Amino acid sequence: MNNDLILGIESDEKELVGWIFLKDIDHGHGRASIGILLSSESRGHGYGRMAMKQMIDLGFKQLRLNKIYLTTRGINEQAIALYEKIGFIIEGKLRNHAYVDGKYVDTYFMGILASEWNK
Ligand SMILES: CC(C)(COP(=O)(O)OP(=O)(O)OC[C@H]1O[C@@H](n2cnc3c(N)ncnc32)[C@H](O)[C@@H]1OP(=O)(O)O)[C@@H](O)C(=O)NCCC(=O)NCCS
């Protein structure tokens, strides 16, 4: 069965500053994709890292997933830096996969396994 789970991200002041989701939750294959969006004025304050860690923890420990994955544009340095710090590995690069601001850019496929998260 496929399901999505979306949660709001609260600031220290208890205001809604973004969303994080697990999508295409597939218990048969033990995997789900993850995505996050913060309001522009809320970025760079640690909310992204905190929300990602909590959602990944939920995915591995409560939903008992084996793998969480995502795609991001190769030009999104902020997001890639965050994902790599959390432990995601670049598993592949889709060349010239998107057309952004007048040029073709790569899409990165990144993933993390439960065994890597639990270390
Ligand atoms: C990507 C995003 C979720 C990161 O969340 P965030 O709260 O801004 O990030 P954090 O404050 O938790 O920072 C985590 C790491 O991201 C990187 N980072 C944060 N702000 C950055 C900036 N302005 N420039 C470059 N890297 C940055 C740093 O590596 C940082 O680690 P550090 O604090 O040890 O330096 C957020 O910026 C966002 O919503 N961006 C727009 C939507 C988006 O791109 N979503 C992802 C699509 S795949």
Side-chain angles (χ1 to χ4, degrees):
M1 189 170 76
N2 287 351
N3 281 309
D4 296 344
L5 171 65
I6 182 162
L7 297 175
I9 302 170
E10 270 188 352
S11 68
D12 295 337
E13 293 76 32
K14 303 289 177 201
E15 286 175 1
L16 183 68
V17 293
W19 300 96
I20 186 162
F21 60 83
L22 283 177
K23 195 165 161 289
D24 297 326
I25 299 169
D26 187 326
H27 291 291
H29 292 293
R31 69 183 182 217
S33 70
I34 194 166
I36 183 168
L37 176 66
L38 287 172
S39 64
S40 50
E41 63 275 13
S42 307
R43 296 172 193 166
H45 298 291
Y47 295 130
R49 187 197 300 254
M50 176 208 63
M52 287 288 290
K53 282 186 169 177
Q54 288 187 9
M55 195 58 135
I56 293 166
D57 224 48
L58 187 157
F60 286 140
K61 293 183 179 159
Q62 294 189 42
L63 302 181
R64 297 181 180 276
L65 298 172
N66 176 59
K67 177 174 185 171
I68 296 176
Y69 61 95
L70 60 87
T71 58
T72 186
R73 289 178 183 153
I75 50 172
N76 196 343
E77 293 174 5
Q78 188 171 0
I80 292 168
L82 167 61
Y83 301 147
E84 286 187 322
K85 275 181 185 165
I86 287 175
F88 281 83
I89 289 167
I90 297 172
E91 299 184 354
K93 296 180 183 178
L94 307 174
R95 298 174 305 146
N96 282 13
H97 203 64
Y99 189 71
V100 181
D101 295 335
K103 61 178 180 184
Y104 291 103
V105 298
D106 296 346
T107 291
Y108 288 13
F109 189 104
M110 303 180 75
I112 184 168
L113 303 178
S115 55
E116 295 162 346
W117 184 249
N118 293 330
K119 271 183 195 163

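Worth knowing before you read on, the calculation uses all heavy atoms, side chains too, and leaves out hydrogens, waters and symmetry mates. In listed order, ligands and their atoms are each counted from 1. For clarity, every value in this text was computed on a predicted model and none was experimentally measured.
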| request: Quick one: look up the protein heavy atom nearest atom 2 (C) of ligand 1 and list residue, atom name and how far away it is. | output: L82 CD2, 4.3 Å

| message | Is there a side-chain contact between M110 and E84 in this structure, where contact means two heavy atoms from C-beta onward sitting under 4.5 Å apart? | response | yes

| request: Starting from the C-alpha separation in whole Å, work towards a yes-or-no answer on side chain to side chain contact (heavy atoms under 4.5 Å, CB included) for I9 and I36. | output: CA-CA 9 Å; I9 302 170; I36 183 168; 3.9 Å; yes

| query | Going by the atom numbers of ligand 1, which of them fall below 4.0 Å from some non-hydrogen atom of T71? | reply | 48 (S)

| note | Nearest non-hydrogen protein atom to atom 40 (N) of ligand 1, with distance, is R43 NE, 3.4 Å

| message | If the cut-off is 4.0 Å to any non-hydrogen atom of A81, which atoms of ligand 1 fall inside it? | response | 29 (O)

| said: What's the separation between atom NZ in K23 and atom CG in L70, rounded to the nearest 0.5 Å? | reply: 12.5 Å

| query | Between the main-chain N or O of I90 and the side-chain N or O of Y83, is there a donor-acceptor pair closer than 3.5 Å? | reply | no

| query | So W117 and F60, would you call those rings parallel, tilted or perpendicular, with 30° and 60° as cut-offs? | reply | tilted

| message | Closer than 3.5 angstrom, by distance alone: can the side chain of D106 be matched with the main-chain N or O of R73 as a donor-acceptor pair? | response | no

| message | Check this for me - ligand 1, L38, N or O atoms closer than 3.5 angstrom, yes or no? | response | yes

| request: Under 4.0 Å from a heavy atom of G48: give me the atoms of ligand 1 that qualify, with their elements. | output: 5 (O), 6 (P), 7 (O), 12 (O)

| said: Tell me the protein heavy atom at minimum distance from atom 45 (N) of ligand 1, and give that distance in Å. | reply: I36 O, 3.0 Å

| Rounded distance (nearest 0.5 Å) linking atom CG of L37 with atom OG of S42 | 10.0 Å

| Shortest protein heavy-atom distance from atom 34 (O) of ligand 1, along with the residue and atom involved | R49 NH2, 2.7 Å

| query | Considering only the protein, which heavy-atom contact is closest to atom 44 (O) of ligand 1, and what is its distance? | reply | N76 ND2, 2.8 Å

| request: Might you check, step by step, whether the distance between atom 13 (O) of ligand 1 and some protein heavy atom is under 4.0 Å? | output: no

| Option of least heavy-atom distance to atom 10 (P) of ligand 1 (set: S42, G46, A79) | G46

| request: To the nearest 0.5 angstrom, please state how far the CG atom of L65 sits from the CD1 atom of I25. | output: 6.5 Å

| query | Is there any N or O on Q78 that sits under 3.5 Å from an N or O of ligand 1? | reply | yes

| message | When you compare ligand 1 with K85, is there at least one nitrogen or oxygen pair between them that comes in under 3.5 angstrom? | response | yes

| note | ligand 1 to L37, heavy atom cutoff 4.0 Å, flagged ligand atoms 39 (O), 42 (C)

| query | Do E116 and I89 pass the side chain to side chain contact (heavy atoms under 4.5 Å, CB included) test, and can you show the C-alpha distance, the side-chain angles, and the key distance before you say yes or no? | reply | CA-CA 10 Å; E116 295 162 346; I89 289 167; 3.9 Å; yes

| note | In terms of its nearest heavy atom to atom 6 (P) of ligand 1, the top option of G44, A51, S39 is G44

| query | Where the side chain of R49 meets the backbone of I86, is there a donor-acceptor pair that is under 3.5 Å apart? | reply | no

| field | Numbering as shown, the atoms of ligand 1 that approach H45 to under 4.0 Å (heavy-atom distance) | value | 11 (O)

| field | Proximal ligand 1 atoms for Y83, defined as those under 4.0 Å from one of its heavy atoms | value | 46 (C), 47 (C), 48 (S)

| said: To the closest 0.5 Å, what do you measure between CD1 (I6) and CD1 (I20)? | reply: 9.5 Å

